[in-house]
Number of protein chains: 2
Amino acid sequence: MSGPKFNPDNKPGYTYELLADHFAGLIESGEWEANSRLPGERALAEEYGVALGTVRHATDILRERGLVITLKSKGTFVTKRN
Amino acid sequence: MSGPKFNPDNKPGYTYELLADHFAGLIESGEWEANSRLPGERALAEEYGVALGTVRHATDILRERGLVITLKSKGTFVTKRN
DNA sequence: TTTCATTTGTTCGTATGTATT
DNA sequence: CAATACATACGAACAAATGAA
């Protein structure tokens, strides 16, 4: 069995960590711009073929790293850095 | 229906917070002694009539408060205090 | 060494509540 | 009112680590 769509080869590491690193890369590369809102959790879950809770765990990590902030009922935003 | 068995009256506050406070009370009162292992997460979920995720959320809070430590495949233990 | 039970860790699915737009 | 989005909560299943038999 191949696992989640985001990690069909079951590479080492937990899906939420790999996903957090992937998201961090999108921020680092500028594909996710500073101050922009991320796609919704359900949209991300759909896009990456993982569960809502997994996306949430990944964005929790981004928040801990200070890469994003989450505003209730608004969304998760890339933290502006200077 | 009235809600989870642990909070059938749906008192204000989330189940996981009420549960965390309840657990903290057990530690404070000494009913859960220092250095002792808590019942397993799944046993607690069964006992209080709540979901596993809710117990886990509650024990996460206890951990953040420094009241317990969790060792994988061993259990969650009341932090010894002096 | 292998097997087994226990416990935590992770992931999925689904539903409901609440707030914002 | 409807759509969007986060928060909470339920259930279920499998993985990983530990320790004992």
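Scope of the values below: all heavy atoms of this structure, side chains included, with no hydrogens, waters or symmetry mates. Naming convention: chains lettered A, B, ... in sequence-line order (proteins, then strands); numbering from 1 in each chain.
- To the nearest angstrom, C1' of dG9(C) lies 8 Å from OH of Tyr16(A).
- Contact check, Thr76(A) against dC6(D): a side-chain N or O comes under 4.0 Å of OP1 or OP2.
- Under 4.0 angstrom from either OP1 or OP2 of dT4(D) there lies no side-chain N or O belonging to Arg37(A).
- The distance between atom NZ of Lys72(B) and atom P of dA15(D), rounded to the nearest whole Å, is 12 Å.
- What separates CG of Asp60(A) from P of dC6(D) is a distance of 11 Å, to the nearest Å.
- The CD atom of Glu17(A) sits 11 Å away from the C1' atom of dT10(C) (whole-angstrom rounding).
- Put simply, Thr15(A) has a side-chain N or O that comes within less than 4.0 Å of OP1 or OP2 on dT11(C).
- At whole-Å resolution of the value, CD in Glu41(A) and C1' in dA7(D) are 9 Å apart.
- Between dT8(D), dC10(D), dA17(D), one nucleotide has an atom nearer to the side chain of Ser73(B) than all others, and that is dA17(D).
- Within the nucleic acid shown, Gly53(A) has no heavy atom closer than 4.0 Å to any nucleic acid atom.
- Going from atom NE2 of His57(B) over to atom C1' of dC10(D) covers 15 Å, rounded to whole Å.
- Distances shorter than 4.0 Å separate some side-chain N or O of Lys74(B) from OP1 or OP2 on dG19(D).
- Aromatic ring orientation, Tyr16(A) versus His57(A): parallel (interplanar angle below 30°, classes split at 30° and 60°).
- Listed here is the closest heavy atom pair of Gly75(B) and Arg37(B): CA-CD, 4.0 Å.
- Put simply, Arg56(A) has no side-chain N or O that comes within less than 4.0 Å of OP1 or OP2 on dT11(C).
- Nearest approach of Arg65(A) to Ala20(A), heavy atoms of both residues: NH1-O, 4.3 Å.
- Phe77(B) and Leu67(B) fall into different hydrophobic clusters, where Ile, Leu, Val, Met, Phe, Trp and Tyr residues are linked whenever their side-chain heavy atoms come under 4.5 Å apart, directly or through other members.
- Look at Thr70(A) and you won't find any side-chain N or O under 4.0 angstrom from OP1 or OP2 of dC6(D).
- Leu38(B) and Leu71(B) fall into different hydrophobic clusters, where Ile, Leu, Val, Met, Phe, Trp and Tyr are joined by side-chain heavy atoms under 4.5 Å apart, directly or via other members.
- Distance CG (Leu44(B)) to C1' (dT6(C)): 14 Å, rounded to an integer number of Å.
- If you take OH of Tyr14(B) and P of dT16(C), they are 17 Å apart, rounded to a whole angstrom.
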